[in-house]
Amino acid sequence: MTTSPIERAADTFAAELARWRVERSMSKKQLAARMGFDPSYVSHVEGRRHRPTEDFARRAEAVLGAGGAIWQRYQEYDELRHARSSASHRDPPVPEQWLPPGTGLIVEQEVATLAYREGSYRCVIRRALYNAGTEPVTRYLIRVAVDRYPHDPEKSNRHHREHPLSFAELDLQAWCGEEPAREAMEYRKKHDRDAFKEVWLLFENSEGRFPLYPGQRTVIEYAYTVSHEKWGQWFQRAVRLPTRRLTVRLDFPNWLDAQVWGVETSLSAEEAPLRTPVIRRAEGERTIFEWTTESPPLNARFRLEWRFRGHNGPPPSGLAIAVRASDRMRAVGIVQRGADTLRQAARQFDLPRDEADARDIVDRLVGALDRVEELHTFTKGVGLAAPQIGLPWAAAVVRPADRTAEPVVLLNPRVVEASPETDEQYEGCMSFFDVRGLVSRPLTLQVEHAKWDGGRVITAFEQGMARLVAHEIDHLEGRLYVDRMVPGVPLVPVEEYREAGNPWRY
């Protein structure tokens, strides 16, 4: 049967549409839903019962990310239909012309890098964005998810309940734009779970706002850190916005002798190997693994997995290189043992003249305690002295084990009476949190301390609170708890300390 050039061009368009739909592992119903058409419409176009329209072609090109192939077939058909000699005046096949309902952004390029260094993974995501919508973009949703044992969900869930991921350790930072006009982005928490965080990156900071307006482009970059003990040996990227190019990089030290492979999944396809190989290259003492794909389908997931074969590296079972507790404390701003400020007597406030400074320091202590308590649960209560955050002033804050009780603020404190009755308990110190030590303390203390207006009060403390207060006053006098231990009694490594999570016994 003889067909016209226009009919042959329509058939070619339908064949190209079907090829890309199958390539993206979509059913006709799924494609129609994402394009915003009736489910039968794609079937009719592929079955040659309907001729394609310009709107249909643009939507198909945007959803399938065909690199212009679908649009080109449509132009060929449309040129013949209108007897045009050239279609050079027509708009280019870019998703700026149309996006699936509910989206206004496209990712023109994403480069996701995960680097392993000294017991931690540092993840840096860089995305080139284009606002193809009709409204200014003022925030951008990101997700951070960890899975220590991805092939054993029950074990992984139990691990993360016991060792929850915290915002303090993530040290999340984000920027918008390129140097020299790069702006820091503030963020707002949306979901905070043991192994999963969702955060809105805001196109604003303390200096002002910088929305991404329709038709504009920018680059955003964000970075965070996760300890090896919380990050399983896999790195996954999910395509949630129309994306033109995705690159994933792993950066490992040579001595780990990493072996890397990759898999991909979609809404309609089972897990399968990546369709192209992961490229490996050496850069000095580092090994870089890189994989790139063009126009990945929406909702696809690409995961790189690895194992370390180096004899001196983490074992293949995935056990973590231990990240020391003191390193975590240092990361949230706690001064560590050996610093001069911990061995010097703190400076007294002149109240009420120094009231503003004193309140600022107390606020900073409270903020530091909040960060610390995201890393560790203190069932015995917790305290922090200003020298421990690098401030040589006589201020400390103590939070009782009973969190319904108010925190105690100590300004210019001094012990005026201590009971002769003492007991021995194990103490820890955030300035050397890798060990615990057996320390004798009075069971009751009378402490004189200042009020904001300069007046003095005496407060009595008993048992656990007496121990916490005495510990912090020692800090303000340049003393550590090891100075009060019986000579020759060893410190206990935190891994061997069996009373973590239990209150002191009286």
Side-chain angles (χ1 to χ4, degrees), residues 112-125 142-172 189-199 222-238 248-253 255-265 271 278 289 301-329 331-332 371-377 433-434 493-497 500-501:
T113 302
L114 185 72
Y116 176 80
R117 287 183 172 85
E118 299 179 353
S120 295
Y121 288 99
R122 184 67 172 173
C123 182
V124 180
I125 310 294
I142 65 170
R143 296 172 174 85
V144 178
V146 294
D147 192 348
R148 187 66 187 85
Y149 305 101
H151 303 296
D152 190 340
E154 183 177 344
K155 183 177 181 181
S156 199
N157 289 339
R158 184 170 61 251
H159 178 82
H160 291 301
R161 282 196 301 271
E162 296 172 355
H163 308 283
L165 186 67
S166 71
F167 275 98
E169 68 182 293
L170 282 178
D171 187 25
L172 176 64
K189 301 175 187 178
K190 182 180 180 185
H191 292 296
D192 183 1
R193 298 172 185 149
D194 290 345
F196 174 77
K197 314 293 182 194
E198 272 194 331
V199 171
Y222 60 94
Y224 56 88
T225 299
V226 177
S227 68
H228 192 143
E229 64 185 3
K230 296 180 184 178
W231 192 293
Q233 291 175 260
W234 64 288
F235 185 36
Q236 179 169 283
R237 309 310 303 149
V248 186
R249 293 185 187 135
L250 300 177
D251 179 351
F252 296 132
W255 59 268
L256 286 176
D257 190 16
Q259 178 189 20
V260 175
W261 63 95
V263 296
E264 63 179 89
T265 59
E271 182 177 286
V278 178
F289 298 87
R301 287 175 169 79
F302 303 98
R303 186 170 72 246
L304 298 187
E305 300 180 6
W306 59 88
R307 69 185 181 97
F308 296 131
R309 298 175 293 189
H311 294 299
N312 297 320
S317 64
L319 294 176
I321 290 178
V323 179
R324 296 191 305 169
S326 57
D327 290 335
R328 297 193 194 97
M329 294 298 167
V332 295
R371 295 193 300 272
V372 164
E373 290 194 285
E374 287 187 352
L375 300 180
H376 187 84
T377 300
F433 211 52
D434 303 321
V494 67
E495 297 84 2
E496 300 175 14
Y497 179 60

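The figures that follow rest on heavy atoms only: side chains count, while hydrogens, waters and symmetry mates do not.
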A.B. asks: What pair of heavy atoms forms the shortest contact from S227 to S120, and how long is it?
C.D. replies: CA-OG, 3.9 Å
A.B. asks: Could you measure the distance from the CG atom of D147 to the NE2 atom of H159? Nearest 0.5 Å is fine.
C.D. replies: 10.0 Å
A.B. asks: Nearest heavy-atom pair of A325 and F433: which atoms, and what distance?
C.D. replies: CB-O, 3.7 Å
A.B. asks: If you round to the nearest 0.5 Å, how far is NZ of K197 from OG of S166?
C.D. replies: 7.0 Å
A.B. asks: To check you understand the geometry: which heavy-atom pair defines the closest contact between Q236 and R301, and what is its length?
C.D. replies: NE2-CD, 3.5 Å
A.B. asks: To the nearest 0.5 angstrom, please state how far the CG atom of D194 sits from the CD atom of E162.
C.D. replies: 10.5 Å
A.B. asks: In Å, rounded to the nearest 0.5 Å, how long is the span from NZ of K230 to OG of S156?
C.D. replies: 12.5 Å
A.B. asks: Would you sort out whether L172 and I142 count as a side-chain contact (heavy atoms from CB on, under 4.5 Å), showing the intermediate values?
C.D. replies: CA-CA 11 Å; L172 176 64; I142 65 170; 4.2 Å; yes
A.B. asks: Could you verify whether a donor N or O on one side chain and an acceptor N or O on the other, from D434 and S326, lie under 3.5 Å apart?
C.D. replies: yes
A.B. asks: Tell me, with the steps shown, if D192 and F167 meet side-chain contact (heavy atoms from CB on, under 4.5 Å).
C.D. replies: CA-CA 8 Å; D192 183 1; F167 275 98; 3.5 Å; yes
A.B. asks: Starting at CD of E198, measure out to CZ of R193 and round the result to the nearest 0.5 Å.
C.D. replies: 7.0 Å
A.B. asks: In the structure I gave you, are the side-chain heavy atoms of F252 and F308 within less than 4.5 Å of one another anywhere?
C.D. replies: yes
A.B. asks: Pick from V263, L114, V248: which one makes a side chain to side chain contact (heavy atoms under 4.5 Å, CB included) with L304?
C.D. replies: V248
A.B. asks: Which heavy atom of R122 sits nearest a heavy atom of A223, and at what distance?
C.D. replies: NH2-CB, 3.5 Å
A.B. asks: For the atom pair CD (Q233) and CH2 (W306), what is the distance rounded to the nearest 0.5 Å?
C.D. replies: 7.0 Å
A.B. asks: Would you check if R237 and I125 make a side-chain contact, meaning some heavy-atom pair closer than 4.5 Å?
C.D. replies: yes
A.B. asks: Just do the side-chain contact (heavy atoms from CB on, under 4.5 Å) check on L165 and H160 with the steps written out, would you?
C.D. replies: CA-CA 7 Å; L165 186 67; H160 291 301; 5.8 Å; no
A.B. asks: If you define the side chain from C-beta out and look only at heavy atoms, does anything of L170 sit under 4.5 Å from V226?
C.D. replies: yes
A.B. asks: So, for Y121 and F235, is the gap between ring centers shorter than 6.0 Å?
C.D. replies: no
A.B. asks: Check the side chains of W261 and E305 for a donor-acceptor pair under 3.5 angstrom, ignoring hydrogens and angles.
C.D. replies: yes
